[in-house]
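See structure below.
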Amino acid sequence: MAGLGCLVRQRPRGGTGMSAFAAQWLDLREPADRRARNADLLATVARHFSDHAQIAVTDLGCGTGAMMRTLAPRLPARQSWRLVDQDTGLLDAVEQRCREMPPAMAWQPHQADLQEDLEAVMALPADLVTISALLDLTSIAWLERLAEAAATHQRPVYATLTYNGRIACEPADPFDAQVACAFDAHQRRDKGFGHASGPLASTQAIEQLAARRFIVRQADADWVLDDSERALQAELVQGWYQAACEEDVLDRQKLDGWLARRLAAVRAGRTRLTVGHCDIWAYPPAPRSRSSSRS
Ligand SMILES: C[S@@+](CC[C@H](N)C(=O)[O-])C[C@H]1O[C@@H](n2cnc3c(N)ncnc32)[C@H](O)[C@@H]1O
């Protein structure tokens, strides 16, 4: 079904530094995101940096700073974060949500359009580049640029919560598959980076990084939403409906009926939604020493 980055109440795009992502949507999904991030991979990333006295992180498409809130307690205490987003409203929202960060932590907002400025941002000093819930909005061309820039500057990349195309709705509805199909088509629309990779994004990112000799690990990071998360379930279902309406390929009456049934099941606490995501951890190979390069 959907690249979940796009499951938001859309705001019109303009030249105002605002994107289509609402802080309320990011707040709503943050607990589910936090649970979903793969714990083993997160521990592996933490171990990789455990002997660093300090660490500088660049977070691409930071939203309200959820990645920093999740990862900071796992990294060396002295941290500096560069939080990159095109949306000035979301960058302002970071301030409200990160007032309680430990004193050894510094962060700075950095407004940039990552379609235009990716290479410039990747060139800025960083020990680690993080990405969360963004890759599925991007394109194969952008993923290639990301991998190339990561290789050029030897930046490890931790990219979480990339939607991978697996959706399971319980109880099942006979119209689910058609909505899913319409939604898939919508997901591939341009989200500002060219034709979106959608569910193929993590596979494509892995290929691009591996082609540049990065050591890459991937792991499942699924959302599993039970009836304790009815608000998030309802937003998801309405987002799928909205996308299917915009695709305009389904009988509207049937689509409306599907939405009514799905929302009724959510309200009754009878729904469980599983949404597949992939986390990726990729780091460049250690530079070869003179002696090993001779062998
Ligand atoms: C689904 S949200 C994820 C936010 C955050 N990483 C998280 O996990 O909560 C995608 C984010 O990417 C940002 N974004 C989308 N297109 C962008 C672009 N072209 N340049 C910079 N940021 C962009 C959005 O503003 C939004 O904050």
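In each ligand, atom 1 is the first atom listed, and ligand 1 is the first ligand listed. All values reported here derive from a predicted model rather than from experimental measurement.
- Here Leu134 has side-chain heavy atoms under 4.0 Å from ligand 1, and that is the only part of it that gets that close.
- Checked against a 3.5 angstrom limit, the closest N/O atoms of Lys191 and ligand 1 fall outside it.
- Residue contacts with ligand 1 include Phe193, since one of its heavy atoms falls under 4.0 Å from the ligand.
- In this structure, Gly192 has no heavy atom closer than 4.0 Å to ligand 1.
- Not counting sequence neighbours, the partners of Ala43 by the side chain to side chain contact (heavy atoms under 4.5 Å, CB included) test are Arg47, Arg74.
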Take Asp279 and Arg37 through the test side chain to side chain contact (heavy atoms under 4.5 Å, CB included) and record every step on the way to the result.
CA-CA 7 Å; Asp279 286 356; Arg37 285 193 185 89; 3.8 Å; yes
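- Here the CE-CH2 distance, from Met68 to Trp107, works out to 6.0 Å after rounding to the nearest 0.5 Å.
- At a 4.0 Å heavy-atom cut-off, ligand 1 touches Ala66 through the side chain alone.
- Within the 4.5 Å cutoff, side-chain heavy atoms of Cys245 are placed close to those of Leu255.
- Taken to the nearest 0.5 Å, the CZ atom of Arg262 stands 6.5 Å off from the CG atom of Leu273.
- Close to ligand 1: Ala112, with a non-hydrogen atom less than 4.0 angstrom away.
- Looking at Leu114 against ligand 1, both its backbone and its side chain come within 4.0 Å, counting heavy atoms.
- Ring planes of Tyr163 and His277: perpendicular class, angle over 60° (limits at 30 and 60°).
- Heavy-atom proximity to Asp113, at under 4.0 Å, picks out these atoms of ligand 1: 18 (C), 19 (N), 20 (N).
- By the criterion of a heavy-atom distance under 4.0 Å, the side chain of Leu90, and not its backbone, is placed next to ligand 1.
- Every atom of ligand 1 is numbered from 1 in the order shown, and the set under 4.0 Å from a heavy atom of Ser132 is 3 (C), 5 (C), 6 (N), 8 (O).
- Comparing Ala133, Gly63, Ala23 against atom 10 (C) of ligand 1, the shortest heavy-atom distance belongs to Ala133.
- For the side chain to side chain contact (heavy atoms under 4.5 Å, CB included) test, residues two or more places apart in sequence or in another chain that qualify with Ala36 are Leu161, Trp223.
- For ligand 1, the atoms lying closer than 4.0 Å to a non-hydrogen atom of Cys62 are 5 (C), 6 (N).
- An N or O contact shorter than 3.5 Å is missing between Asp33 and ligand 1 by distance.
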Salt bridge (charged side-chain N to carboxylate O under 4.0 Å, His left out) evaluation trace for Arg261 with Asp173
CA-CA 8 Å; Arg261 290 193 298 281; Asp173 185 284; 2.7 Å; yes
Run the salt bridge (charged side-chain N to carboxylate O under 4.0 Å, His left out) test on Arg252 and Asp256 for me, step by step, so that the C-alpha distance in whole Å, both residues' side-chain angles and the decisive distance to 0.1 Å come before the verdict.
CA-CA 6 Å; Arg252 188 57 180 264; Asp256 287 349; 3.4 Å; yes
